[in-house]
Peer 1: 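Would you mind keeping the following structure in view while I ask a few things?
Both counts, for ligands and for their atoms, begin at 1 and track the order of listing. Model, not experiment: these values are computed from the prediction.
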Amino acid sequence: MALTIGLVGKPNVGKSTFFSAATAAKAEVANYPFTTIDPNKGVTYVRTPCPHVALGVTCTPGNAPCDDGTRLVPIELIDVAGLVPDAHKGKGLGVKFLDDLRQASALIHVVDLAGATDAEGNPVDAGTHDPEEDIAFLEREIDHWLAGILGDKWERTAKAILASGGKTGRAIAERLSGLGVKESHVSAALTEAGVDREKPQLWSEEDLVKVATGIRRRSKPILIAGNKADQADPETVGRIERACEARRLLFVPCSAESELALRNGAKAGVLDYTPGDKSFDITSDKLSDKQKQALEYVRSHVLGPYGGTGVTGAVKAAAYDLLDLITAFPVEDEHKYTDKQGRVLPDAFMVPRGTTAKEFAFKVHTELGERFIRAVDAKTRRVVGADHEVQDGDVIRIVADA
Ligand SMILES: Nc1nc2c(ncn2[C@@H]2O[C@H](COP(=O)(O)OP(=O)(O)O)[C@@H](O)[C@H]2O)c(=O)[nH]1
Ligand SMILES: [Mg+2]
């Protein structure tokens with residue numbers, strides 16, 4: 001199963017534009033709240049070197065296309081419709097939207113650095129709303145939503161916890177199964193919240209929110225994508241960057257609209273641009289002066305100061321920095337780097353750093369994990385055991401019981 005990242009934020013900050021730019025798929029873009037009713041799902045890619053170059057072979061990609069030595073590893077992106085304050089109480093289709101977050105392993109919170117949308121997402125004059133307020137509001141919404149799920153029929157859950165003989169973390173993780181919440185997330189959250197694990201029947205609503213906050217931090221980590229950087233006052237960008245630092249949140253300034261323009265231009269064949277590039281070249285003389293001016297604005301106000309549009313940058317940072325993932329390539333034959341069908345380096349898998357060879361086998365296929373005997377690091381031809389930690393860029397052969 002591919003990794004899923006949810007795009008969240010209040011209406012009109014540019015989530016659908018970000019989604020379209022990142023997935024090069026269509027999503028409705030409009031300047032009023034609730035344009036997006038159903039979550040849009042699409043595929044975006046993070047770029048990583050293809051081992052075919054170092055190994056001197058030609059690859060036959062399956063799940064991850066190879067672009068001239070760079071593998072495009074797929075990530076599912078969900079364009080979640082806008083959250084408004086008090087969404088957890090059912091305001092503005094909130095509960096449904098929050099439900100769409102279930103599948104996400106991480107969230108990219110799109111905020112409007114231009115300050116051109118109020119707290120509810122209505123368009124206002126640029127610079128009149130402080131984007132810093134939005135950072136806290138979204139965390140609070142998710143925390144209350146989680147606390148709501150957890151607290152629903154709490155007496156029953158408390159009884160189940162008591163009956164579990166002290167396995168409080170496990171009982172709560174079970175209650176939140178389907179949300180990607182692990183026992184380790186809950187356990188750390190309980191310690192942090194300072195609640196009495198033995199007496200869940202005495203926890204207050206406030207305690208539940210505290211526990212929910214800890215669980216959310218671990219199970220739905222957030223990266224802040226500071227959008228509309230093209231229109232933002234650089235001082236605001238700096239201030240939000242510092243605010244994120246203080247909150248220990250990753251921050252990536254971006255301009256979804258610029259990325260969309262560059263990708264569309266590249267698709268139309270009028271410019272040379274690869275997603276993630278710091279620059280582009282105009283390759284056609286058919287552009288109008290106005291179009292050229294708009295593109296030069298992107299160059300001077302986005303690519304120059306921020307080193308890119310930030311769209312692929314945000315996705316990449318979410319995968320590699322926020323979730324601390326690595327990419328590895330499973331093969332059947334460690335000499336030819338092929339799978340059963342003879343395809344060379346067919347698939348790329350993203351797994352958490354620290355994943356062992358055996359865990360990696362499970363990720364490829366449950367049966368492969370169950371029948372795991374040993375693995376071979378195909379680059380070095382070294383035989384490794386179940387506990388060997390897979391490294392970024394590894395090509396791994398799993399030897400399993402027939
Ligand atoms: N200046 C600027 N405007 C943007 C950018 N991204 C989106 N917008 C505009 O913001 C408005 C809302 O965009 P949309 O993607 O529909 O927002 P959503 O409601 O969060 O999905 C539209 O008018 C977009 O053109 C950007 O990077 N810069
Ligand atoms: Mg939208």
Side-chain angles (χ1 to χ4, degrees), residues 5-42 44 77-85 87 92-94 96-98 100-101 107-129 131 134-135 137-138 141 224-234 236-237 240 251-265 273 275 293-315:
I5 295 178
L7 287 173
V8 294
K10 67 185 186 186
N12 278 323
V13 291
K15 295 180 299 299
S16 295
T17 309
F18 188 110
F19 176 86
S20 304
T23 60
K26 280 186 199 128
E28 226 176 326
V29 178
N31 206 19
Y32 56 88
F34 310 126
T35 303
T36 315
I37 304 294
D38 284 310
N40 286 302
K41 290 186 189 177
T44 187
L77 205 59
I78 309 184
D79 177 13
V80 180
L83 276 176
V84 295
L93 306 178
K96 184 198 174 310
F97 300 162
L98 288 164
D100 294 332
L101 304 182
L107 306 176
I108 292 180
H109 178 189
V110 183
V111 300
D112 173 0
L113 289 187
T117 34
D118 69 12
E120 310 250 307
N122 301 300
V124 292
D125 289 339
T128 56
H129 178 79
D134 299 337
I135 297 174
F137 124 76
L138 188 107
E141 282 308 318
I224 305 293
N227 194 34
K228 307 191 188 181
D230 54 293
Q231 276 193 355
D233 162 15
T236 308
V237 181
I240 301 302
F251 171 77
V252 179
C254 68
S255 172
E257 214 164 66
S258 302
E259 176 73 9
L260 194 57
L262 293 176
R263 285 205 192 190
N264 286 339
Y273 173 74
Q293 248 170 35
L295 286 169
E296 290 313 321
Y297 185 89
V298 168
R299 199 194 297 281
S300 60
H301 286 73
V302 179
L303 300 178
Y306 303 112
T309 69
V311 170
T312 45
V315 173

Peer 1: Tell me which part of Val110 gets within contact of ligand 1: side chain, backbone, both or neither, using heavy atoms under 4.0 Å.
Peer 2: neither

Peer 1: Would a 4.5 Å heavy-atom cut-off, applied to side chains only, mark Leu303 and Val298 as touching?
Peer 2: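 In contact.
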
Peer 1: Could you name each residue pair satisfying salt bridge (Lys or Arg N to Asp or Glu O under 4.0 Å) that touches residues 297-309, not counting sequence neighbours?
Peer 2: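 Every salt bridge (Lys or Arg N to Asp or Glu O under 4.0 Å) pair that includes a residue of residues 297-309, provided the two are not neighbours, is Glu296-Arg299.
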
Peer 1: Hey, which atoms in ligand 1 end up nearer than 4.0 Å to a heavy atom of Gln231?
Peer 2: 1 (N)

Peer 1: Please name the residue in the list Thr117, Leu138, Val13, Ile224 that meets the side-chain contact (heavy atoms from CB on, under 4.5 Å) test with Val111.
Peer 2: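 When side-chain contact (heavy atoms from CB on, under 4.5 Å) is applied between Val111 and each of Thr117, Leu138, Val13, Ile224, only Ile224 qualifies.
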
Peer 1: Do any N or O atoms from the side chain of Asn227 and from the backbone of Ala256 form a donor-acceptor pair under 3.5 angstrom?
Peer 2: yes

Peer 1: For the 3.5 Å polar cut-off, considering only N or O atoms, please tell me whether Asn227 and ligand 1 meet it.
Peer 2: yes

Peer 1: Taking only residues two or more places apart in sequence, or in another chain, which ones meet Asp118 in a side-chain hydrogen bond (donor to acceptor under 3.5 Å, both in side chains)?
Peer 2: Asn122

Peer 1: Under a 3.5 Å threshold, yes or no: a donor from one side chain and an acceptor from the other, between Asp134 and His129?
Peer 2: yes

Peer 1: Using a 4.0 Å heavy-atom cut-off, say whether Val13 meets ligand 1 through its side chain, its backbone, both or neither.
Peer 2: both

Peer 1: If you measure every N/O of Cys254 against every N/O of ligand 1, is any gap under 3.5 Å?
Peer 2: no

Peer 1: Which atoms of ligand 1 have any heavy atom of Asn12 under 4.0 Å away?
Peer 2: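 Here the atoms of ligand 1 in question are 10 (O), 12 (C), 17 (O), 18 (P), 19 (O), 20 (O).
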
Peer 1: Do Val80 and Leu101 touch side chain to side chain, with heavy atoms closer than 4.5 Å?
Peer 2: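 They are in contact (side-chain heavy atoms under 4.5 Å apart), so the answer is yes.
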
Peer 1: Do Asp230 and ligand 1 have an N or O pair less than 3.5 Å apart?
Peer 2: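 N/O-N/O distance below 3.5 Å exists for this pair.
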
Peer 1: Look at Ser16 and state whether any of its N, O or S atoms is less than 2.8 Å from the Mg ion (ligand 2).
Peer 2: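 Ser16 does place an N, O or S atom closer than 2.8 Å to the Mg ion (ligand 2).
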
Peer 1: Under 4.0 Å from ligand 1, counting heavy atoms only, is it the side chain of Glu257, its backbone, both or neither?
Peer 2: both

Peer 1: Using a 4.0 Å cut-off to any heavy atom of Pro11, which atoms of ligand 1 qualify?
Peer 2: 19 (O)

Peer 1: Near Lys15, which atoms of ligand 1 are under 4.0 Å from a heavy atom of that residue?
Peer 2: 15 (O), 17 (O), 18 (P), 19 (O), 20 (O), 21 (O)

Peer 1: Under 4.5 Å between any side-chain heavy atoms of Val315 and Phe18, yes or no?
Peer 2: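 They are in side-chain contact.
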
